[in-house]
Amino acid sequence: MKKFKLFVLTMVAALTMSSCGTTSTVPITGRKQTLLVSDGDVLSLSNQQYQEFMKSAKASTNSANSAMVKRVGQKLAQAVVSYLNANGLAAETQNYAWEFNLVQSKEVNAWCMPGGKIVVYEGLLPVTQDEASLAIVLGHEIAHAVAKHSAERLSNEYKKQYGTQILGAVLQGAGMSEGAQQLLALGSQLGSQLWTSGFSRKQESEADHMGLIFAAMAGYNPQVATSFWQRMAAQSSGSGGLFSDHPSDADRIKNIQGWMAEALKYYKK
């Protein structure tokens, strides 16, 4: 989401990119994506940003809610790992070192960094109201990580904004060459914009789809997604808030209802 995911990651492409990028397939949706940023760099730098955030964050003092966040997160993590192992993607599981945190904040927010570092703000819980609805949110956030949306956004932004000349200088692997230094500077300038602009609507919808499936795999009834998003729409109307740059509430609910039959195939009470 908006918080902390892309601030440091915008620097990654200036440091290491493969010479021709890699083509991967997003789990569940089957969408093809081309990535110029390596998993290792994304994980290393996102972990640094996560550690910086946790130094200043205040852990929730509500032990019951903290335990619930860990419980829901662990169930989702197990479901994701099981899915990856069962679908020829066992190597991807090495990218995750799961952590689940509830922090003190009235903000209605949650996020999952690449590598499975999950943070939930206390302000979200009055809206989720129950574990199943929390699983819908965390499933969405975990889906961003599984689909490598941060790496994809970076790749697309650098290709679009910096052009082949600067990009080519980096791809030639000359260390911090002049082209790489220009790219690094531009990435720094764009950092705050990328931080606040969120993922694309295509990526947000994909995360909705994948997150619904992950929640069902974890044993949570995906049908609660409709009522949860209705509550979200009511509390955030006209004030932005969580997922304010996502598809409209009406479109989201319509899409979720369209994916429900698929999700229910994975749901076992």
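- The shortest heavy-atom contact between Phe100 and Ala77 is CZ-CB, 4.1 Å.
- The side-chain hydrogen bond (donor to acceptor under 3.5 Å, both in side chains) analysis of residues 69-83, with sequence neighbours excluded, yields the pairs Arg71-Glu131.
- Side chain of Asn101 to main chain of Ile118: a donor-acceptor pair is present (N/O by atom type, distance under 3.5 Å, no hydrogens or angles).
- We find the CD-CZ distance between Gln203 and Arg153 to be 6.5 Å, quoted to the nearest 0.5 Å.
- Using a 4.5 Å cut-off on side-chain heavy atoms (C-beta onward), Trp259 and Ile213 make no contact.
- Smallest separation of non-hydrogen atoms from Gly123 and Val108: O-CG2, 3.5 Å.
- Taking the charged nitrogens against the carboxylate oxygens, Lys202 and Glu152 have no contact shorter than 4.0 Å, which rules out a salt bridge.
- Note that CZ of Arg31 and OG of Ser24 are 8.5 Å apart. Values are rounded to the nearest 0.5 Å.
- Residue Val146 comes nearest to Pro27 through the heavy atom pair CG1-CG, 3.9 Å, listed as atom of the first residue, atom of the second, then distance.
- Remark: of the listed residues Gln51, Lys117, Met113, Met113 is the sole one forming a side-chain contact (heavy atoms from CB on, under 4.5 Å) with Ser46.
- Here the side chains of Phe228 and Val137 are in contact, with some heavy-atom distance below 4.5 Å.
- Between Ile142 and Trp98, some side-chain heavy-atom pair lies under the 4.5 Å cut-off.
- Taking 4.5 Å as the limit, some side-chain heavy atom of Gln257 sits within range of a side-chain heavy atom of Thr226.
- The OG1 atom of Thr22 sits 8.0 Å away from atom CD of Gln33, with the distance rounded to the nearest 0.5 Å.
- When only modelled atom types and interatomic distance are considered, His140 and Glu204 share a side-chain donor-acceptor pair under 3.5 Å.
- With sequence neighbours excluded, the residues satisfying salt bridge (Lys or Arg N to Asp or Glu O under 4.0 Å) with Lys148 are Asp39, Glu92.
- At a threshold of 4.5 Å between non-hydrogen side-chain atoms, the residues Glu206 and His149 count as touching.
- Between Gln235 and Pro126 there is no side-chain heavy-atom pair separated by less than 4.5 Å.
- Taking the side chain as every heavy atom from C-beta outward, Tyr220 and Ser133 never approach each other to under 4.5 Å.
- Note on ring orientation: taking the six-membered ring where Trp is involved, the planes of Tyr121 and Phe53 are tilted (angle from 30° to 60°).
- Separating the CG atom in Leu76 from the SG atom in Cys112 is a distance of 10.0 Å, to the nearest 0.5 Å.
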- Message: As a quick check of understanding, evaluate side chain to side chain contact (heavy atoms under 4.5 Å, CB included) for Leu43 and Asn47, giving each step before the final call.
- Response: CA-CA 6 Å; Leu43 293 172; Asn47 185 61; over 6 Å; no
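- Taking each heavy atom of Ala263 and Ala216 in turn, the nearest pair found is O-CB, 3.3 Å.
- The side-chain heavy atoms of Asn255 and His209, taken from C-beta on, include no pair separated by under 4.5 Å.
- Screening Arg201, Lys254, Arg252 for a salt bridge (charged side-chain N to carboxylate O under 4.0 Å, His left out) involving Asp208 leaves a single residue, Arg252.
- Separating the CE atom in Met68 from the CG atom in Asn62 is a distance of 8.5 Å, to the nearest 0.5 Å.
- Side-chain contact, Gln223 with Tyr267: no donor N or O sits under 3.5 Å from an acceptor N or O.
- The structure places CD of Glu122 at 5.5 Å from CD of Gln104, a figure rounded to the nearest 0.5 Å.
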- Message: As a quick check of understanding, evaluate salt bridge (charged side-chain N to carboxylate O under 4.0 Å, His left out) for Glu262 and Lys265, giving each step before the final call.
- Response: CA-CA 5 Å; Glu262 177 187 3; Lys265 293 179 181 178; over 6 Å; no
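- When every heavy atom of Gly211 is checked against every heavy atom of Ala143, the shortest pair comes out as N-CB, 3.9 Å.
- Results of the side-chain contact (heavy atoms from CB on, under 4.5 Å) test with Leu124 over Leu138, Leu102, Leu134 single out Leu134 as the only residue that passes.
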